Amino acid sequence: MRILVVGAGAIGGYFGGRLLQARRDVTFLVRARRAAQLRESGLSIRSSCGDFHLERPPTIQADALHSAFDLILLSCKAYDLDAAIDSFAPAVGSDTRVLPLLNGMRHLDRLEARFGAEAILGGQCAISSTLDSRGSIEHLNDLHHLAFGERKGGRSARAEAILAALSDAGFEAKLSESILQEMWEKWVFIAAAAGITCLMRASIGDIVAAGAAGQASALYDECAQIARLAGFEPRAAAWERSRMILTTAGSSLTASMLRDVELGARTEGEQILGDLLRRQAPGEADASLLRIAYAHLQAYEARRARELAARAPGPE
């Protein structure tokens, strides 16, 4: 199975690297700058689950894509989706399957509109990883789980073939028969975690220490109510696990979105909180925690855009 991994960042680089380590047929679709970095330094993964380094990982750039791949693993930031779609479109053939690992749900509509419903799988991953200043991938814990499946549920021959390609590759791969349910449960959790840690600018443990664990739980409940309206109420196990994580004393957990804010980087606030908010029942209070957290991130993005514009060189 020919696999195209779109991007070689913290997530795509990790899963693609593990697949290469297991001798799968993987090529990274990368921009010129990342291609040069990989040629110079190779692809490196540092992890408690085992380090890996490959001197010359297979890469390709968008203008050189002229043939279809069997599987496209998509792990870009949600706000880069449109550009990513344009870049990998030449690699989508009649039998290609696209497996997105993006946050939220709106990307499914965009991908389906471009490539058709049958080409798009559901998918989600659980991993904490980042790129260091040299472009090496740092796996921050021992969690590296990837789940995927047919959006209509059940199992299929093509999904079983993909499972075979992803299995025994140094990470946990799972074929889910209810992938949309799992994607909604993840969305509800990350929206609550991102919302509360960005709003408070603090870790979960610090939020609990401030006596605000109830606010974290209340935000999760708001997000879960939106999922319920959509027909994907979090199941009991997901509910209990999420509420426990969001209220654990001493926890150092912060959402990656808070790390983006602290670095002055762009966030996925629109895709994770904004899109969820738009699915809220009509007439919900303007003072909901989700709405306040979203407004907080919108204000951050407005300030960031203003400051970037102020630093931009003027016309000569």
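Please read all numbers here as calculations on a predicted model, not as lab measurements.
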*Spell out, yes or no, whether L180 and L101 are grouped together once hydrophobic residues are joined by side-chain heavy atoms under 4.5 Å, including indirect joins.*
no

_Less than 4.5 Å apart, side chain to side chain, heavy atoms only: is that true for L175 and I162?_
no

_Backbone of L290 reached by a side-chain donor or acceptor of E222 within 3.5 Å_ = yes

*asked:* Taking the basic N atoms (NZ, or NE/NH1/NH2) and the acidic carboxylate oxygens, is any pair closer than 4.0 Å for R278 and E270?
replied: yes

*Crowded around R303 CZ? As in, over 12 foreign heavy atoms under 6.0 Å?*
no

_Near-ring test Y14/F52, centroid separation under 6.0 angstrom_ = no

*Evaluate the side-chain proximity of I272 to M257: yes if any heavy-atom separation is below 4.5 Å, no if none is.*
yes

*asked:* Working to the nearest 0.5 angstrom, can you tell me the gap between S128 OG and L253 CG?
replied: 9.0 Å

*How are the rings of F171 and H144 set relative to one another: parallel (under 30°), tilted (30 to 60°) or perpendicular (over 60°)?*
perpendicular

*Residue pairs passing the ring pair (Phe, Tyr, Trp, His ring centres under 6.0 Å) test where at least one lies in residues 211-232, sequence neighbours excluded*: W184-F232, Y220-W239

*Which pair of heavy atoms, one from G195 and one from L273, lies closest together, and at what distance?*
CA-CD2, 4.0 Å

*With salt bridge (charged side-chain N to carboxylate O under 4.0 Å, His left out) as the test, would you mind laying out the steps for D260 and R266 before giving the verdict?*
CA-CA 7 Å; D260 291 336; R266 189 176 180 182; over 6 Å; no

*Count the heavy atoms of every other residue, nucleotide or ligand shown that sit under 6.0 Å from CD of E40, and state whether that count exceeds 12.*
no

*Q298 versus H296, side-chain donor and acceptor atoms under 3.5 Å*: no

*Gap separating the CG atom of L199 from the CD1 atom of I292, nearest 0.5 angstrom*: 7.0 Å

*Examine the side chains of S129 and H139 and answer whether a donor and an acceptor come within less than 3.5 Å of each other.*
no

*Would you call L74 and L111 a side-chain contact if the rule is heavy atoms closer than 4.5 Å?*
yes

*Which pair of heavy atoms, one from H107 and one from L102, lies closest together, and at what distance?*
CE1-O, 3.6 Å

*Indicate, with yes or no, if L140 and I127 share a hydrophobic cluster defined by side-chain heavy-atom contacts under 4.5 Å among Ile, Leu, Val, Met, Phe, Trp and Tyr.*
no

*What's the shortest heavy-atom distance between A192 and C223, and which atoms?*
N-SG, 4.2 Å

*For atom CG of D109, decide whether the heavy atoms of other residues, nucleotides or ligands shown that lie under 6.0 angstrom number more than 12.*
yes

*Find out whether L246 and S217 are in side-chain contact, i.e. whether some heavy atom of one side chain is under 4.5 Å from a heavy atom of the other.*
no

*Is the side chain of S288 donor-acceptor paired with the backbone N or O of R291 at a distance under 3.5 Å, no angle test?*
yes

*Audit row: Y79, T267, side chain to side chain contact (heavy atoms under 4.5 Å, CB included) steps and yes/no*: CA-CA 8 Å; Y79 49 72; T267 74; 5.9 Å; no

*Tell me, do D95 and D70 make a side-chain contact under 4.5 Å, heavy atoms counted?*
no

_Which heavy atom of E185 sits nearest to which heavy atom of A238, and what is that distance?_
CD-CB, 3.6 Å

*For residues I207 and I196, determine if any side-chain heavy atom of one lies less than 4.5 Å from a side-chain heavy atom of the other.*
yes

_So, taking the atom named CG in L166 and the one named CZ in F15, what distance separates them when rounded to the nearest 0.5 Å?_
9.5 Å

*Counting only heavy atoms not in R304, do more than 12 sit closer than 6.0 Å to its CZ atom?*
yes

*Interatomic spacing from OG in S242 to CE in M244 - rounded to 0.5 Å*: 9.0 Å

*asked:* Whether the S156 and E150 side chains hold a donor-acceptor pair (N or O, under 3.5 Å, no angle test) is what I'd like checked.
replied: yes

*Without hydrogens or angle criteria, can the side chains of Q37 and R134 be said to hold a donor-acceptor pair below 3.5 Å?*
no

*Show your reasoning for whether salt bridge (charged side-chain N to carboxylate O under 4.0 Å, His left out) applies to E118 and R151.*
CA-CA 9 Å; E118 285 300 307; R151 291 184 291 154; over 6 Å; no

*Kindly compute the distance separating OG (S47) from CD1 (I137), expressed to the nearest 0.5 Å.*
10.5 Å

_Salt bridge check, E301 against R306: does any charged N sit closer than 4.0 Å to a carboxylate O?_
no

Just distance, no hydrogens or angles: give the donor-acceptor pairs under 3.5 Å from side chains in residues 19-29, sequence neighbours left out.
from: Q21; atom 1: OE1; to: R18; atom 2: NH1; distance (Å): 2.9
from: R24; atom 1: NE; to: A165; atom 2: O; distance (Å): 2.7
from: R24; atom 1: NH1; to: A22; atom 2: O; distance (Å): 2.8
from: R24; atom 1: NH2; to: S167; atom 2: O; distance (Å): 2.4

*Would you check if the side chain of T96 reaches a backbone N or O of F69 as a donor-acceptor pair within less than 3.5 Å?*
yes

*Is there a donor-acceptor contact under 3.5 Å from the side chain of K186 to the main chain of G104?*
no

*For M183 against G123, the heavy-atom pair lying closest together*: SD-N, 3.6 Å

*To the nearest 0.5 Å, how far apart are CD1 in I179 and CZ in F148?*
8.5 Å

*Sidechain N-carboxylate O distance under 4.0 Å for R155, E177*: yes

*With the 4.5 Å side-chain cut-off for hydrophobic clustering, are L73 and I45 part of the same group?*
yes

